[in-house]
2 protein chains.
Amino acid sequence: MSGKAADTHRGKVKRATLAEVANAVGLAKTTVSRALNDYPDISEETKRRVRETAGSLGYVASSRARQLQKGSTDAIGLVISAAAVGLQSAYQSEFTAALAAALDGHGLDLLLHSVTDPVSEIDTYNRLFQQGKVDGFVLMRTRCDDERIRFLTERGVPFVTQGRTDQSADHAWIDIDSQQAFSDAVEFLAGKGHRRIAMIAGDETIYSSTLREAGYRQGLEKAGIAVDPDLIFPGDFSAASGRVGVKRVIDSAAGVTAILCANDATAMGAISQAVELGIEVPSQLSVMGYDGVRMAEMFSPPLTTLSHSAAECGERIASMIVGLVGGDALTDHQVLLPAQIIERRSTGMAANV
Amino acid sequence: MSGKAADTHRGKVKRATLAEVANAVGLAKTTVSRALNDYPDISEETKRRVRETAGSLGYVASSRARQLQKGSTDAIGLVISAAAVGLQSAYQSEFTAALAAALDGHGLDLLLHSVTDPVSEIDTYNRLFQQGKVDGFVLMRTRCDDERIRFLTERGVPFVTQGRTDQSADHAWIDIDSQQAFSDAVEFLAGKGHRRIAMIAGDETIYSSTLREAGYRQGLEKAGIAVDPDLIFPGDFSAASGRVGVKRVIDSAAGVTAILCANDATAMGAISQAVELGIEVPSQLSVMGYDGVRMAEMFSPPLTTLSHSAAECGERIASMIVGLVGGDALTDHQVLLPAQIIERRSTGMAANV
DNA sequence: CTGTTAGCGCTTTCAC
DNA sequence: GTGAAAGCGCTAACAG
């Protein structure tokens with residue numbers, strides 16, 4: 001605002017433009033553009049010269065302008081809900097980092113958007129896409145009946161979900177075979193002599209929670225143990241719900257020697273509460289988690305868990321979304337990855353009850 | 001490529017354009033644009049009509065086009081290095097989420113970029129800005145002598161750091177007064193009768209590590225305890241370094257009854273290792289962390305720590321970067337926030353040695 | 001109050 | 001092999 005100094009004011013940094021480069025080399029903008037983009041109809045010599053002066057001018061093409069012209073954005077949106085505080089679970093944040101890294105490998109950026117009001121969630125997806133800020137989305141924490149999926153599908157917006165839903169048949173997703181994993185976990189526990197195995201479930205609106213519970217039941221059956229509905233306690237993936245869950249187990253379910261938790265955070269909460277109640281883990285109570293977050297290894301006792309790779313998941317999703325945005329035919333667009341039991345010291349042989 | 005079907009192919013979603021809206025209302029693009037942006041020189045009646053048809057057409061302005069015209073991006077870049085796996089520490093990810101939420105409140109997006117090769121780090125900052133993808137940056141994990149800061153400062157690129165540096169005088173930053181915090185922590189421990197208090201330090205290339213160590217020394221002095229350099233063990237903010245640290249303490253430093261760790265992850269690692277070595281926390285050894293991550297509360301035993309608010313930090317940084325990008329004068333551009341001791345159960349009275 | 005004319009910086013036909 | 005012209009969708013002068 002202060003007159004003469006206006007064009008020098010802080011924050012306004014001059015970026016070299018195509019026209020300037022063209023001018024400097026003595027060629028037309030068109031030619032420079034094609035040279036820089038390595039078109040075959042430009043002579044090697046010219047390309048060299050152009051690249052050189054472009055470099056010396058510190059020229060970097062404005063992606064805004066390019067995007068406007070080409071119609072694409074080279075950015076993928078990831079919307080997190082502030083309600084689920086932090087970058088949600090440790091796993092979510094490990095995954096997010098992996099996704100960012102993987103997208104980077106494909107030359108895409110990750111636009112991280114936080115939405116505070118759940119009501120405006122859909123609106124956020126809509127705006128981000130309509131505004132042309134992103135070419136597509138990655139969805140985390142998919143819900144059983146996921147409104148976002150319906151919305152995006154209807155509009156033909158490319159997206160990949162991390163986790164299945166009731167509508168899984170129709171969209172691209174990648175997921176961990178949590179049902180199998182939980183079944184394995186129960187068998188593993190049964191193999192250690194546990195007969196009364198409780199489960200602290202995850203947020204029931206999240207589809208994967210239902211799968212984890214189904215796996216738990218399935219494992220019980222395989223192990224020849226009758227499913228006792230009273231041994232399934234509600235939870236919400238938080239450590240706090242693990243604490244509450246343990247108290248309930250103690251209060252209401254006699255003879256439980258092992259607890260399978262919906263995720264690692266819940267398991268850690270459960271252990272910490274158990275210890276406070278004077279229950280020793282694993283000698284009196286085995287506790288097992290799911291996800292294999294890094295912290296699980298450092299917990300005391302180190303957590304037995306079902307591990308899967310956030311990095312692989314991120315990379316696969318990145319490839320998938322790149323394909324979708326590029327309009328590729330959908331092959332391999334539904335991927336199920338296994339989880340592996342990592343035995344550490346929060347589980348042991350069943351105690352004599 | 002397949003001819004006639006080309007314009008219908010998946011992924012190409014038609015977005016309404018300004019011209020279309022203008023056409024529909026029977027007004028000029030300009031008028032529509034101004035109506036939508038609530039310019040004073042458009043009649044209320046017209047604005048109403050325009051908004052109505054815009055709404056019914058589902059029109060959302062293309063931010064690409066607007067950005068190209070206005071020159072700004074409404075996005076802030078956050079570059080994380082994949083080397084420090086995951087979204088780095090739990091604190092980093094809590095902060096990132098908070099930052100995204102806060103930026104959202106200002107109508108800004110967060111562009112999360114991951115860089116694998118440390119060598120290309122500066123280049124990434126440069127490209128992101130030159131390409132016009134972001135208006136500015138937020139830097140985490142500031143290093144003592146931070147090349148990124150020199151680079152951005154030289155070019156006049158707006159940025160705010162979370163954490164100070166050797167060059168702090170010259171740039172906008174927000175930081176926790178970790179020196180004071182660590183000093184307080186030592187006094188707190190001394191107040192519980194601890195005389196030989198070890199420290200497991202953080203990554204020494206990170207500026208804040210030096211501050212935390214300085215605070216530790218300062219606290220010792222205040223408590224009238226001589227600083228013993230042999231009681232300071234190296235670390236890197238990881239839980240693993242906490243484990244290693246504890247072993248070294250046991251092996252080489254007799255009489256230590258308390259360990260102050262550079263952050264919560266280190267503290268958790270330390271506790272878990274101590275327990276494995278048969279050392280009881282806190283009866284035989286007190287361990288204290290820093291950051292106050294959510295998991296600290298759920299640890300067993302719950303961790304005594306120095307807590308500070310990621311949310312507040314994120315909000316403040318958001319305001320600061322908004323101001324900087326907007327070209328505001330720099331007032332309050334260097335903010336020091338306090339940390340608070342949260343006493344939980346990983347610390348107790350000094351054991352008799 | 002509203003419309004006309006430019007132009008942000010780039011990529012693309014289409015000529016030469 | 002290279003250049004001229006047009007336009008992506010928007011906003012900012014400047015007229016009327």
Side-chain angles (χ1 to χ4, degrees), chain A residues 1 6-7 12-51 53-54 57-74 127 129-133 135, chain B residues 1 6-7 12-51 53-54 57-74 127 129-133 135:
Chain A
M1 291 298 171
D7 51 292
K12 279 296 169 215
V13 184
K14 229 208 65 192
R15 300 180 245 236
T17 131
L18 225 211
E20 286 166 22
V21 179
N23 216 301
V25 227
L27 287 171
K29 281 180 351 185
T30 320
T31 312
V32 174
S33 170
R34 281 183 307 211
L36 257 15
N37 290 321
D38 207 25
Y39 275 51
D41 58 355
I42 301 289
S43 81
E44 277 309 321
E45 168 57 12
T46 306
K47 283 186 188 170
R48 216 192 33 70
R49 271 177 52 218
V50 168
R51 278 199 267 261
T53 42
L57 264 62
Y59 171 78
V60 179
S62 156
S63 65
R64 291 197 291 255
R66 166 180 282 152
Q67 284 166 16
L68 181 55
Q69 165 64 33
K70 321 232 332 181
S72 72
T73 306
D74 297 339
R127 267 208 345 270
F129 186 75
Q130 294 289 347
Q131 289 180 145
K133 287 192 169 172
D135 289 337
Chain B
M1 290 300 170
D7 51 296
K12 278 297 170 216
V13 184
K14 227 210 68 192
R15 298 180 249 236
T17 130
L18 225 210
E20 284 166 24
V21 179
N23 218 300
V25 228
L27 287 172
K29 282 180 351 186
T30 321
T31 311
V32 173
S33 168
R34 280 182 307 208
L36 259 15
N37 290 321
D38 206 27
Y39 273 52
D41 58 357
I42 302 288
S43 81
E44 276 310 320
E45 168 57 13
T46 307
K47 282 185 189 171
R48 215 191 35 70
R49 272 177 51 219
V50 169
R51 278 198 268 260
T53 40
L57 264 64
Y59 170 78
V60 180
S62 155
S63 66
R64 292 197 289 255
R66 168 181 280 153
Q67 283 166 18
L68 180 54
Q69 164 64 31
K70 320 234 329 183
S72 73
T73 305
D74 297 337
R127 267 208 345 271
F129 187 75
Q130 295 288 348
Q131 288 181 143
K133 287 191 168 171
D135 290 337

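Order of the sequence lines sets the chain letters (A, B, ...), proteins ahead of strands, with each chain counted from 1.
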Dump the intermediate steps for side chain to side chain contact (heavy atoms under 4.5 Å, CB included) on Gln67(A) and Gln131(B), then the final yes or no.
-> CA-CA 11 Å; Gln67(A) 284 166 16; Gln131(B) 288 181 143; over 6 Å; no

Just do the side chain to side chain contact (heavy atoms under 4.5 Å, CB included) check on Lys29(B) and Thr17(B) with the steps written out, would you?
-> CA-CA 10 Å; Lys29(B) 282 180 351 186; Thr17(B) 130; over 6 Å; no

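When rounded to the nearest whole Å, the span between CG of Leu36(B) and C1' of dT2(C) equals 15 Å. Computed from coordinates, the Asp74(B) CG to dC10(D) P distance equals 15 Å when rounded to whole Å. One can place CD of Gln67(B) at 17 Å from C1' of dG7(C), the figure rounded to the nearest angstrom. Atom pair Asn37(B):CG and dA13(D):P shows a separation of 14 Å (rounding to whole Å applied). Separating the CZ atom of Arg64(A) from the C1' atom of dG9(D) is a distance of 14 Å, rounded to the nearest angstrom. Atoms CG (Leu68(A)) and P (dC8(C)) sit 13 Å apart, rounded to a whole Å. Atom CG of Leu27(A) is separated from atom C1' of dA4(D) by 14 Å (rounded to the nearest Å). Summarising the geometry, the separation between CD on Glu45(B) and P on dC1(C) is reported as 12 Å, rounded to the nearest angstrom.
Residue Gln69(A) places a side-chain atom within donor-acceptor reach of the base of dG7(D), judged by atom type and a 3.5 Å distance cut-off alone. Donor-acceptor pairing under 3.5 Å, judged by distance alone, is present between the side chain of Arg34(A) and the base of dG3(D).
Of the candidate nucleotides dT4(C), dT2(D), dG9(D), dT2(D) has the atom nearest to the side chain of Asp41(A). When distances are taken from the side chain of Ser43(A) to each of dG3(D), dT2(D), dG9(D), the shortest belongs to dT2(D). Closest to the Ser33(A) side chain, of the nucleotides dT13(C), dG9(C), dT11(C), is dT11(C). Proximity note for Ala28(A) (side chain, C-beta onward) versus dG9(D), dA4(D), dG3(C): the nearest is dA4(D). Side chain of Ser62(B), nearest nucleotide from dT11(D), dT11(C), dG9(D): dG9(D).
Using modelled atom types, no side-chain atom of Arg127(A) and backbone atom of Val60(B) make a donor-acceptor pair closer than 3.5 Å. Of the possible donor and acceptor atoms, none in the side chain of Arg64(B) sits under 3.5 Å from a partner among the backbone N and O of Gln69(A). At least one donor-acceptor pair under 3.5 Å links the side chain of Thr73(B) to the backbone N or O of Gly132(B).
Distances shown here put a side-chain N or O of Arg66(B) below 4.0 Å from the OP1 or OP2 atom of dT11(D). Between Tyr39(A) and the phosphate of dG1(D), there is no side-chain N or O to OP1/OP2 separation shorter than 4.0 Å. In terms of phosphate contacts, Thr30(A) brings no side-chain nitrogen or oxygen within less than 4.0 Å of OP1 or OP2 of dG3(D). Checking the phosphate oxygens (OP1, OP2) of dG3(D), no side-chain nitrogen or oxygen of Lys29(A) falls inside 4.0 Å. Contact check, Thr46(A) against dT2(D): a side-chain N or O comes under 4.0 Å of OP1 or OP2.
Counting heavy atoms from C-beta on, the side chains of Tyr39(B) and Lys47(B) never come closer than 4.5 Å.
Two residues, Leu18(A) and Lys47(B), neighbour DNA chain C, and the one matched to the more 5' nucleotide by heavy-atom proximity is Lys47(B).
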